[in-house]
Each structure stands twice: as C-alpha cells, then as structure tokens.
Q: 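Supplied in structure tokens, the structure appears directly below.
Predicted, not measured: the structure shown is a model, and the values here were computed from it. So that the names make sense, note that chain A is the first sequence line, chain B the second, and so on, each numbered from 1.
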There are 2 protein chains.
Amino acid sequence: METLSLPPQATQVGLAVDVAAFAMHAGELRVLLVQRGELPHARTWALPGGFVQVGEALHEAALRELGTETTVKLEPRHLEQFYTFGEVNRDPRGRIVSVAHLAVLPHGTVEVAGGGHTLGAAWFPAHTPPTLAFDHAAILDRAIKRLQLRLEYANLALEFLPDTFTLPELQGVYEAILNRPLDKRNFRKRLLAQSILVASGERRSGVGRPAQLYRRAKGTRTAAL
Amino acid sequence: METLSLPPQATQVGLAVDVAAFAMHAGELRVLLVQRGELPHARTWALPGGFVQVGEALHEAALRELGTETTVKLEPRHLEQFYTFGEVNRDPRGRIVSVAHLAVLPHGTVEVAGGGHTLGAAWFPAHTPPTLAFDHAAILDRAIKRLQLRLEYANLALEFLPDTFTLPELQGVYEAILNRPLDKRNFRKRLLAQSILVASGERRSGVGRPAQLYRRAKGTRTAAL
DNA sequence: TCAAAAGTGTTGTTTGTACACCCATGT
DNA sequence: ACATGGGTGTACAAACAACACTTTTGA
C-alpha cells in the first residue's frame, strides 16, 4: 500500500495521545497521574501519554501508554477519544498535537507504580488535582465534563463497579462524578425504571441494614458514540 | 522556545484536517465537496482538507483548507472539531491522522469553485452524498450526527440564516438537518419560549400571508463546547 | 436499645406531543 | 373567490423534583 509517498510537510507535526483515566477510590473520583522524569516539566504531575507509533491506532496508543507508564497492567472498561488539543505552543519541544482519551478503570484498580520515563504514578482526586504539566489541566477539565455527559446517557457508572453492587454504591459513583448529592428516592426510581439492573437476590453484610445486590442485565452494555 | 527537540518517532505520523462544511440551499442541507485532482482517488469527491502546518492551529488549518480548495472566500459562522480519525490504513499514502471539523456557512454562500489541487468544488445533498474518497463517508456521517446534536442545544440553526428570518424558514432549517418533519405549533412554542428571538416588526412579502420577521436577541450567541 | 444505613410514595411542576382550523395576502 | 402559506390553543402523557419516615441489621 506504500505506493504513494507522504509529502514532506506532512511529517513536521508530532502526534501524541494523552489519557485521563478515572477510577473510584474511597468514595471519591480519582484520576491517574504520572510524575514526569524528563524535561520539560520534570517532577511535575501529568496525564499519562506519549507519541503515536506509525502502525498503531489511536486507541492502541492510549492503551499502550496506560500500560507502560504504570507498572501494573490496567484494563479499562471504557476508552474513548474526546478531544484533540492542538494549540501551537502547548508543548515547548515543538508542535505536538494530542488526541485526548477518557478511560474508566474498574473497581479494585488501586496499585499503580511509575514505569517507563516516569518517576511514579498515583491516584489523585479528580476534582482537586495538583498542578499539572503542559495544558493537562484543561484536558482533565474537559475529560470530567465528558464523563459527566456520558454518565447521563451511557450507563458509564456501572463500569466503575464490580459485577455486583448495591444501589447506594451506584449512587455514590454518580455523586462522585457529578460532584453533587442526589436524592435517594428519585435516583432509585430512575435507575430501576431503565430496567438495566437485575437484583441478584443476595445481600451484602455491613454496618447497617444489608442492601440488595444488583447486576447489569444481559445485553444492556451500550456502545460509546 | 525550541530549546528541547522532538524525538524522532514524533514526526512519522502525518496530521491533516478535513472539513465538513454545511449550508442550506433550496430548502435542503448541503455539504461542500471538492473533486480530487491527484492520486489517490483522483476525480472522486472528497471533503476539503489537507495537512496541518507547523505554525498553524487546527482551526486555522481548517479555515485555510476551506479557502484554498475553493476559489470563493468562505467565512464560516461556526467551526468546531468533532472527531479525530486515525485508522492505520485510512490513507494509502501512509499513516495520516485527520482532525475532522464541522463548519456552518451562512445563507447566500452559493458560488464555489475548485482551487489548489482540486478539479472543482460543489454543493451536494448532505443526506445523499456521492461516493467519497478515503473514509470521508464515515466522517460526513459523524458530522451530520454532531450537527443534529448541536442543533438541539446550541441554536446552531440560526447560523444558516441571514440576520432576519421568519419562523417557517427557521423550521425549514431544523427539518433539513434532522431530516424529518416537525410540528409547526410545537416548534413555534418551543423556539419562542427560549426567548432568543425578537420580532423585528417588519414583514416579508411572498405568495401567501406575510410572515413575521425575527432576529436573534443580543447576547444570545452560545459558545460551542 | 441504639446507631447506622437501606428502603419506600405522593404531589406538584415542567416538558413534550398530538392534533385542526382561521387569517392575511396576491392573483 | 380562491390559492398559498402564516399563525394560533388545548388536552393528555411523561419526566422530573421536592420531601420524611420506617425497616433491618450488628454492636
């Protein structure tokens, strides 16, 4: 297929991916950050990311960066590109355009460690992140907005939880992402009306009254736009 | 600012923009296409597009391509990127990633002619386009979906019309974009309830009963997400 | 028996949708 | 007078928002 050649001006702009990967920890929405080990912005926190390889699809590059910049293998339940950041001076190394991705990691994804070019990796509160390198604060901002949008109509909240979960847990995910409290009765009414949840009959022991366990009904996984 | 250098693997992927530019003609939603003058896909129709230059923002590249691939200067009322297409084999010349943009051209933008590398430019029905080069059919498809989404909550329909317009004209824009008829009474109720339209008192002569003219209320232009 | 968390209904408001006739003008 | 397109209101259904007490368990 390489019968025609790329014109020279086609290869002067660098193409990267950055990934805003979210998970729930301690009832809070957290985002995965890596501490840069190289200039520019050495020692500051940043979204995991890197350059797209020639034979690699964009989502593959995003997955690879999630895997190599952190030691533990991460298997996102959801991955979608949401915006492409191309300001001319967003990176001091030259003209680099970044296709930003949103990832959702399932419950239990806790241990992460730096790998590759990074000094470390850790989870941070998504709504109150530390100072970030490059334009990553803007990228994170937009990622959260997209996540909030998706929540409303693509059952994305379930991807944060294990296979079985209680309604209060699910409501906690919604509240953590939307960053505001929700009414318990209206929440239950709305969710159950969608009939994407089925009670698994069991109950989970805890401090107060045990909660009904639910799981997602078969065939109700909605594809991302 | 060029104190740090781009790593070599950063420059192996070509970055382009493609633009789906829409306008209303004869009560129909039309999209601007150019006929390619070069391989690959010589003589087939395609969305206007081309490579991003080093010192150029993405939206500037989109505007430039709109201007150089057509002779008449086009001044879009709305321009936003909506998705980045990066399939590995989408272009036989090599690895080229395209940031796709959606543009809305105002009423009266009729004459276009080929320029640059193209054999010609013309408007085509957006819902029934001819065979398109590369993956441009998929890009156009997604552009129309985005346009339909925007319509619902970003008053984008007004950008297709001149400063003053009648409600039946506005309804025609909605129907052309959504590709389905709307109820006249409900449409008027909904639009007037938003109070973004003010009657300009005048009337326009035509065949039947004259229609009330409206214009957009000041300060009601909503920024694109 | 107390603390802690789960569960449950009703009411009013807003939003959306279906639907048919009269009005103002030009010919 | 008639043809052409513009303009108007109501009734039902669905979705959404506010709001407080009872139930089940473990300690």
Side-chain angles (χ1 to χ4, degrees), chain A residues 24 26-28 107 148-155 157-158 161-162 164-215 222, chain B residues 24 26-28 107 148-155 157-158 161-162 164-215 222:
Chain A
M24 292 292 302
E28 190 181 51
H107 180 82
Q148 291 173 338
L149 265 187
R150 282 286 177 259
L151 196 56
E152 308 279 347
Y153 82 28
N155 310 124
L158 298 188
L161 294 172
T164 65
F165 50 88
T166 67
L167 278 181
E169 284 166 0
L170 184 57
Q171 182 174 347
V173 175
Y174 272 77
E175 291 178 333
I177 293 174
L178 296 176
N179 208 18
R180 65 186 164 90
L182 298 176
D183 180 89
K184 194 174 16 166
R185 283 174 287 194
N186 292 336
F187 178 80
R188 300 171 78 90
K189 211 183 312 172
R190 192 159 58 84
L191 265 287
L192 294 176
Q194 290 179 245
S195 60
I196 56 168
L197 302 184
V198 296
S200 20
E202 315 150 47
R203 295 173 164 266
R204 173 173 296 172
S205 71
V207 179
R209 169 175 174 175
Q212 178 69 250
L213 280 178
Y214 291 87
R215 65 178 70 244
T222 53
Chain B
M24 293 291 303
E28 189 181 51
H107 181 81
Q148 291 173 339
L149 264 187
R150 282 285 178 261
L151 194 56
E152 307 280 346
Y153 81 30
N155 310 125
L158 299 187
L161 293 172
T164 65
F165 50 88
T166 67
L167 279 181
E169 284 165 0
L170 185 57
Q171 182 173 349
V173 174
Y174 272 77
E175 292 178 331
I177 292 175
L178 296 176
N179 208 18
R180 64 186 166 91
L182 297 176
D183 180 89
K184 194 176 14 167
R185 283 173 288 191
N186 293 337
F187 178 81
R188 301 171 78 89
K189 210 184 312 172
R190 191 159 58 83
L191 265 286
L192 294 176
Q194 290 178 244
S195 61
I196 57 169
L197 302 185
V198 297
S200 19
E202 315 151 44
R203 296 171 165 264
R204 173 171 296 170
S205 70
V207 180
R209 169 175 175 177
Q212 177 69 249
L213 279 177
Y214 291 87
R215 64 178 70 243
T222 53

Q: Would the distance check show the side chain of B/Glu202 and the main-chain N or O of B/Leu213 forming a donor-acceptor pair, the cut-off being under 3.5 Å?
A: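 A pair under 3.5 Å: no.
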Q: Can you tell me which nucleotide in D/dG7, D/dA17, D/dA20 comes closest to the side chain of B/Gln212?
A: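 Given the options D/dG7, D/dA17, D/dA20, the side chain of B/Gln212 is closest to D/dG7.
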Q: 5'-most contact on DNA chain C: A/Arg209 or A/Lys189, nearest heavy atom basis?
A: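 Mapping each residue to its closest nucleotide by heavy atoms, the 5'-most match is A/Arg209.
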Q: Measuring from atom CG of B/Leu170 to atom CZ of B/Arg188, what distance do you get when rounded to the nearest 0.5 angstrom?
A: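 Result: 10.5 Å between the selected atoms.
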Q: Shortest non-hydrogen contact from A/Asn155 to A/Gln194?
A: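 Closest approach of A/Asn155 to A/Gln194: ND2-NE2, 3.3 Å.
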Q: At the 4.0 Å heavy-atom cut-off to chain A, mark where contacts on DNA chain C begin and end, going 5' to 3'.
A: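 Terminal contacting nucleotides, 5' to 3': C/dA4 to C/dT10.
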Q: Looking at side-chain heavy atoms only, is the closest gap between A/Leu191 and A/Tyr174 below 4.5 Å?
A: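 Yes. Closest side-chain heavy atoms under 4.5 Å.
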Q: Checking side-chain contact (heavy atoms from CB on, under 4.5 Å) for the pair B/Leu158/B/Tyr214: CA distance, chi angles, key distance, verdict?
A: CA-CA 11 Å; B/Leu158 299 187; B/Tyr214 291 87; over 6 Å; no
Q: State whether the side chain of B/Gln148 and the backbone N or O of B/Ile177 hold a donor-acceptor pair below 3.5 Å, judged by distance alone.
A: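 Yes: the side chain of B/Gln148 pairs with the backbone of B/Ile177.
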Q: Toward the 5' end of DNA chain C, which comes first, B/Asp183 or A/Lys184, by nearest nucleotide?
A: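 So the residue in question is A/Lys184.
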Q: When the distance from CZ of B/Phe165 to P of D/dG6 is rounded to whole Å, what number comes out?
A: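 One finds 15 Å between P of D/dG6 and CZ of B/Phe165, rounded.
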Q: Whole Å only: how far is the CZ atom of B/Arg204 from the P atom of D/dG5?
A: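 My rounded result for the distance is 15 Å.
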Q: Would you mind reading off the distance between B/Asn186 atom CG and D/dA11 atom C1', rounded to a whole angstrom?
A: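 Distance, rounded to whole Å: 12 Å.
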Q: Nearest nucleotide by nearest heavy atom, which residue falls closer to the 5' end of DNA chain D, A/Arg190 or B/Arg203?
A: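 The residue closer to the strand's 5' end, by nearest nucleotide, is B/Arg203.
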Q: Taking A/Gln212 for the side chain and A/Leu167 for the main chain, is one N or O donor matched with an acceptor at less than 3.5 Å?
A: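 Pair absent, no side-chain N/O of A/Gln212 close to backbone of A/Leu167.
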Q: Rounding to a whole Å, what distance do you find between B/Leu191:CG and D/dG6:P?
A: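 It is 15 Å, rounded to the nearest whole Å.
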Q: Figure out the CZ/P separation between B/Arg185 and D/dT8, and round it to whole Å.
A: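 After rounding, the reported distance stands at 12 Å.
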Q: Separation of B/Gln171 atom CD from D/dG5 atom C1', in whole Å?
A: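 Distance check: B/Gln171 CD to D/dG5 C1' gives 12 Å.
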Q: Nearest whole Å is fine: how far is D/dA17 P from A/Leu178 CG?
A: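 From A/Leu178 CG to D/dA17 P: 12 Å.
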